[in-house]
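Quick note on labels: first sequence line is chain A, next is B, and so on, each numbered from 1.
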Amino acid sequence: MSTRFKTDAMSWLILSSLFCSMTACTAPGPISSGTLSQTNTSLPSQPSMVTIGDSGQHMVQQAGHVAQRQPSSDQSLQQIQHQQQLNAGTLTQNGPASLPPQAYTGPNGGLPYPVQWTPPGITGPFPEDEYVYQGGDGYQLTNVAQDFSIDNLDEEDTIAHYHTLNGDIEIERTNRLPIYAPRFASTRRIDGLIQYRHQDHVYAVDSPLALDDTVKNIGQQQVKQQVSSQRNIATRASALYKENQKLRDMAHQLASTEDSQMVKPQVGNLLNTKVNIQNSQEAELSIQRQTALAQTDEETVKEFAYDLMPYRMLANNKIQTNYHYEIAEGNSRLDIKKVASKQDALPGELLEFTITFKNTGDEVIGNVTIVDHLSRRLAYVEESQNCTVESEFFLNPTGKESVILRWEVVEPMQVGETAAITFKCRVR
Amino acid sequence: MISSLHKLTIAITVFSVLATADSLPAQQFRPAPNAHYPNNALMPPGQVGSQMLIRGGPIPGYFQPAQIRCPQGGRIAIAAEGKFSAGTPSFLNVGLLIGSPYRFKITEIPGLPGTELYPSVELLDRLHPPTGLETRFPVPIHLTAQELRMAAAGLFITRVIYLEDPTNPVVVQDQANRQRFFDVRSNEDPLRVADQLGRPMAILRIGSKQPRMDRQTGRFMFSSPPLREIMTPGQSTIPRETLQRAIISTPSIGRLR
């Protein structure tokens, strides 16, 4: 009896502790404010205003309530200053604000999306309309003619072209540089009071009585039309079906006759016997005929050359001889990169771009020219360019209110030689 | 010998080709002329933004930083928990939910002593800045002195703030304390014009409507949606009295004699 009493007491204690823990977990939750409003009346309400600093914290924080710490009267000045430093750069209070019961917060309560969310299937900076791009060769591929005239140099493009020892013109593109710089503008409409009242009057005219009459008339007309449509489901379909059956039989017989004439001389096991070709054997005979034709396809010795690399192939598809020729030829190459001083900028701020280029080939290159078509969001700062090698600088405005910067390096670039160009732009 | 008919045909052909070529670049960034716009800026506050929530994506629950700015000397307050806060001078940085309309209060307007205006702001979309730059790039919503005077005189101003298309920008130098705007005609929808020029981000509505402090007050404040205040660097949330007590309780440092 005493043992049974102890067991009941233990189970009662466990159940009560579980119940207490459950109520302690669910009581302060912001989601339960609507359903458990009576339970939460005694609890201190959570403020809906939360302060955020300029730190790297994301705006949407995970659920979790952290009460704001109020310093006591005997707290030292160092702790106060430390708290000030924290407040100057971080969240002063974490956790979501208390939402009203009717607030819509999305299917997951507004949480949690990843910090850098991008739609599936899209790589790179998202969305593109918040970025200003510089460098690369987008949209159309740039062409440089022998007279150094450039075609298809789009906005934001940055390229370099040079002459090789063979007299060819080579083009190199820089990397594409995204800079986060959204810019805003607005459209405005001004309405007077008279016009505003007139619009209210139009909305009041919209009455549902007219819609009821219209619905009734349409319903009666549709019922009458259903009688005529039943006649169309008559004997026309069956007549067409009979005609199709006849045509299929005739075509079937003709096909079997032709197959029997064509298959006989090619299929060996059918030549010495009389075979009555029936409809069930047509598929098999057709397969045998196709097999025989495929086997008679000759795979003789074939030779082909591709890019000065001849191969010799035999019937068994085994490569027996492989000849590879390499012709000694100069390798001209120019590596060019473009970087910016900042990855984000507000309108009015300065950006400094640096273009570095290096002759990584094995021969000298000449007439090295760097061309940069600035975006219209960037304004070139006068007299801000600098090149580490002797060069001539040109500033060419375009018809679309953008400018093209061009540097023509005077001396040929030796193998391994490096140069750099810097210039400044102001973000519009 | 080319007959006059052939000359006329050639002239018409050349003219049509030139006219088509001239209009092609302008049509690259323009939406389809027969595009259907179910929303317009004259809808009730919150209706256009709620349509944006239905589209999906990481929009619900995100507090988009916004900066509301009024002329120098004015004071801006936002409705929170059924009442207006004390307000801040000239500008207010605050994180707003998308799709929920917010009511603001503009007081101490230069040139309009004693006048109080109550504009409403509705965010339609959010930005996706790199991590840590959320508060550096808020959505700017600027109120000019001219607009405040017109609103006080009884006019109703609807302004749609949009993110400019970087591939087709207006080549002017923007200033930090002034927002560019285009006046549309009275029969045009500013939301549609903004959609053609970029991505609409917010709608600002301002008139001369005054709140009634009765049962309708909550409706006037749109039930005070939740918000997040953004602090400027160096600003402290510790009450002044607590800070003074802490300074007094700090042991003094003996002076050198």
Between OG of S186(A) and CD1 of I203(B), what distance do you get to the nearest 0.5 Å?
12.5 Å
Roughly how far, to the nearest 0.5 Å, is CG of L163(B) from CG of D129(A)?
4.5 Å
Do other residues, nucleotides or ligands put more than 12 heavy atoms under 6.0 Å from the [atom1] atom of [X]?
{"X": "Q210(B)", "atom1": "CD", "result": "yes"}
{"X": "E155(A)", "atom1": "CD", "result": "yes"}
{"X": "K209(B)", "atom1": "NZ", "result": "no"}

Who pairs with R149(B) by salt bridge (charged side-chain N to carboxylate O under 4.0 Å, His left out), at least two apart in sequence or on another chain?
none
Smallest separation among heavy atoms of [X] and [Y], with atom names:
{"X": "R136(B)", "Y": "D344(A)", "answer": "NE-OD2, 2.7 Å"}
{"X": "P169(B)", "Y": "R377(A)", "answer": "CB-CD, 3.8 Å"}
{"X": "F184(A)", "Y": "M201(B)", "answer": "CE2-CG, 4.0 Å"}
{"X": "I190(A)", "Y": "M150(B)", "answer": "CD1-CE, 3.5 Å"}

[X] side-chain N/O to [Y] backbone N/O, donor-acceptor pair under 3.5 Å:
{"X": "R189(A)", "Y": "S186(B)", "result": "yes"}
{"X": "R376(A)", "Y": "T167(B)", "result": "yes"}
{"X": "R183(A)", "Y": "V170(B)", "result": "yes"}
{"X": "Q175(B)", "Y": "P347(A)", "result": "no"}

Quick one: of T158(B), I157(B), V139(B), who has the most non-hydrogen atom pairs under 4.5 Å with chain A?
T158(B)
When heavy-atom pairs shorter than 4.5 Å are enumerated against chain A, which of E188(B), Q179(B), R159(B), R185(B) gives the highest number?
R159(B)
Contact part of E128(A) toward chain B, heavy-atom cut-off under 4.5 Å: side chain, backbone, both or neither?
backbone
If you count heavy-atom pairs under 4.5 Å with chain B, which of A181(A), S402(A), P182(A) comes out on top?
P182(A)
Among I161(B), D183(B), V184(B), exactly one meets side chain to side chain contact (heavy atoms under 4.5 Å, CB included) together with R188(A). Which residue is that?
D183(B)
Checking Y180(A) against F137(B) for the ring-ring contact (aromatic ring centres under 6.0 Å, His included) test, could you report, in this order, the C-alpha distance in whole Å, the side-chain angles of both residues, the deciding distance, and whether it holds?
CA-CA 9 Å; Y180(A) 189 79; F137(B) 293 93; 4.9 Å; yes
What verdict does the side chain to side chain contact (heavy atoms under 4.5 Å, CB included) test give for L191(B) and T187(A), after you've listed the backbone C-alpha separation in whole Å, the side-chain angles of each residue and the deciding distance to 0.1 Å?
CA-CA 8 Å; L191(B) 183 62; T187(A) 58; over 6 Å; no
